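All values reported here derive from a predicted model rather than from experimental measurement. In this chain, numbering begins with 1 at the start of the sequence shown. Each ligand, and each atom within it, is numbered from 1 in the order the structure gives.
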Amino acid sequence: MAKYDFDLFTIGAGSGGVAGSRRAASYGARVAIAESVRVGGTCVLRGCVPKKLLVYAAHYAEEFEDAAGFGWNLGARDLDWGRLIQAKDRELDRLNGIYINMLKNAGVTILDGRARLIDPHTIELGGKRYTAETVIIATGGWPSLPKIPGIEHAITSNEALDLKALPKRVVIVGGGYIAVEFAGIFRAAGSTVTQVIRADRILRGFDEDVRQFLQAEMAKKGIVLRAGEQVQSIEKTATGLRVFVRPGAAIEADVVMYATGRAPNTDGIGLEEVGVALNKKKAIAVNEWSRTTVPNIYAVGDVTDRINLTPVAIHEGRALAETLYNNNPIKPDHANVPSAVFSQPPVASVGITEAQAREWHGAVDVYRTSFRPMKHTLSGRDERIMMKLVVDRRTDRVLGCHMVGADAPEIIQGLAIALKCGATKKQFDQTIGIHPSAAEEFVTMRDKLPDPQAKAAD
Ligand code: NDP
């Protein structure tokens, strides 16, 4: 008889947990997965998928307007927000069903409820105890809000995805991925949007040109940015909410949405009690094999706070299953991970920023272009595209590709392959472009920007 009820017990059925569990089961492991909310996790139910559906909806606002420049006669149009949310919910139900079926078809046992570690090999859920040889923690993260007076009146992206009606006045606090994405959605849908950021620019960590360029494009769309300000308190009024950014300076709003980062879900699952160490940010500390300080317990995805992106969690989950159940040891690879921000216009990047390149590689060549896309010659829209390449002068290798503009995520995904292969600028130059496209600019950039270091030496 088997020593344990399961070979693998995964806590959390989000992107990383599901991917690792299915892959492990495909190699014959007896797998159980526990989920306390709904199978699918943040990406499918509260993040990437519903957000992107709302981004699609938002894009129509400008598409309709742009069509006029191409001869289309436009009739009356307005957004039925309630119908959009219903349609989005139907799609999420469908995906939730698909995820459940995928797990069942792979032979994974799904357990509904909140799991808690009792010892390294024992998990309690719904009053029952299960034993497993190996445990994967994949419990993800949750929005984290500062404790200021009135914070209970604020919502997060979780609730923003389920609003029954479109708010007229929205205040968004934060300047990261989620904040700029929702600023774009609400603005295009017709709300007035004020974004409050404590820094001077949005999107910390992205290339400086990207940050500046997107900020300017968002301003053109009417998003009001209040930089260098901190919300002090939020008050309920007869007509909505009042957001104090300084004593005496307040913004009136119907909805205040906080997007001030996410915290790993590590509370109340028995981690520290069984000896799983957490880092300073309360994320699970793991080694390069995703192993925690307890040898039979592993962790993948946002709960480890490495790179908090769905495809990375999936990669970590699958790498672990390959290592443990297919005699195919794979360390998750976190180099040159592309990412996108579905702002309006979108941003996408792969590789490192110009500032990082200067710090880590010394001599760097930078190529940058900004232009009005062909579509807007007829639409008349004042929207531009920015593209940038960061190149190591010594080796000619392309270290970073950055773009702000329509289709940036679709374009950068292809360039991520080139970077993974170690492509040089010369190889970019040797690549024939697709004409007419915006993407071709990435293989036709000729002129380097003046070198600020050489200038400083003059
Ligand atoms: P981010 O970490 O991206 O950004 C947090 C923002 O909140 C920053 O602008 C930060 O400001 C600000 N902030 C933090 N604390 C405070 C505070 N106390 N008061 C005021 N402002 C504060 O977090 P998000 O919530 O936007 O997203 C979480 C993660 O989810 C992302 O890091 C990303 O990995 C993932 N994600 C990915 C998406 C994608 O791939 N498209 C989409 C959405 C999320 P400052 O810059 O000054 O520190």
Side-chain angles (χ1 to χ4, degrees), residues 14-16 41-56 140-151 154-161 171-185 194-206 208 210-211 214-215 218 225-234 243-246 251 256-265 281 283 301-316 334 337-350 353 403-404 408-410 412-413 416:
S15 302
T42 300
C43 176
V44 175
L45 302 169
R46 294 176 295 280
C48 330
V49 173
K51 178 273 311 287
K52 184 87 187 268
L53 292 174
L54 298 196
V55 168
Y56 278 125
W142 200 251
S144 119
L145 289 76
K147 291 184 178 62
I148 57 153
I151 194 71
I155 63 166
T156 69
S157 52
N158 290 345
E159 296 79 30
L161 291 163
V171 168
I172 294 183
V173 185
Y177 282 79
I178 297 179
V180 297
E181 291 182 339
F182 276 86
I185 291 168
T194 308
Q195 192 176 348
V196 183
I197 62 169
R198 62 183 179 183
D200 60 338
R201 291 234 170 91
I202 54 172
L203 291 183
R204 184 161 55 84
F206 279 77
E208 283 304 314
V210 167
R211 300 175 74 188
L214 178 65
Q215 208 157 295
M218 287 172 70
L225 186 74
R226 300 190 56 150
E229 295 200 345
Q230 278 268 37
V231 175
Q232 310 294 328
S233 63
I234 305 168
V243 183
F244 289 93
V245 284
R246 265 176 274 124
I251 315 165
V256 179
M257 184 188 128
Y258 265 72
T260 46
R262 295 173 61 88
N265 281 329
K281 289 181 167 174
D302 289 4
V303 77
T304 63
D305 195 29
R306 286 175 279 183
I307 299 181
N308 298 333
L309 298 172
T310 280
V312 175
I314 292 172
H315 170 62
E316 289 167 357
H334 294 104
V337 171
S339 79
V341 186
F342 293 92
S343 47
Q344 298 189 36
V347 168
S349 287
V350 60
T353 65
M403 175 173 174
V404 184
E410 308 293 339
I412 292 290
Q413 179 67 81

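- The contact shell of ligand 1, taken as protein residues with any non-hydrogen atom closer than 4.0 angstrom, comprises Lys51, Pro146, Gly174, Gly175, Gly176, Tyr177, Ile178, Glu181, Arg198, Ala199, Arg204, Gln230, Ala259, Thr260, Gly261, Arg262, Asn308, Leu309, Ala340, Phe342.
- The side-chain heavy atoms of Val196 and Val243, taken from C-beta on, include no pair separated by under 4.5 Å.
- The side chain to side chain donor-acceptor pair (under 3.5 Å) test with Arg246 is passed by exactly one of Glu229, Gln230, Gln232: Glu229.
- Residues satisfying the ring pair (Phe, Tyr, Trp, His ring centres under 6.0 Å) criterion with Tyr177, sequence neighbours excluded, are Phe206.
- For Glu208, the salt bridge (Lys or Arg N to Asp or Glu O under 4.0 Å) test picks out Arg201, Arg211, with sequence neighbours left out.
- Listed by first and then second residue, the salt bridge (charged side-chain N to carboxylate O under 4.0 Å, His left out) pairs involving residues 302-313 are Lys281-Asp305, Arg306-Glu316 (not counting sequence neighbours).
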Can you check side chain to side chain contact (heavy atoms under 4.5 Å, CB included) on Met257 and Ile178, steps first, answer last? CA-CA 10 Å; Met257 184 188 128; Ile178 297 179; 3.8 Å; yes

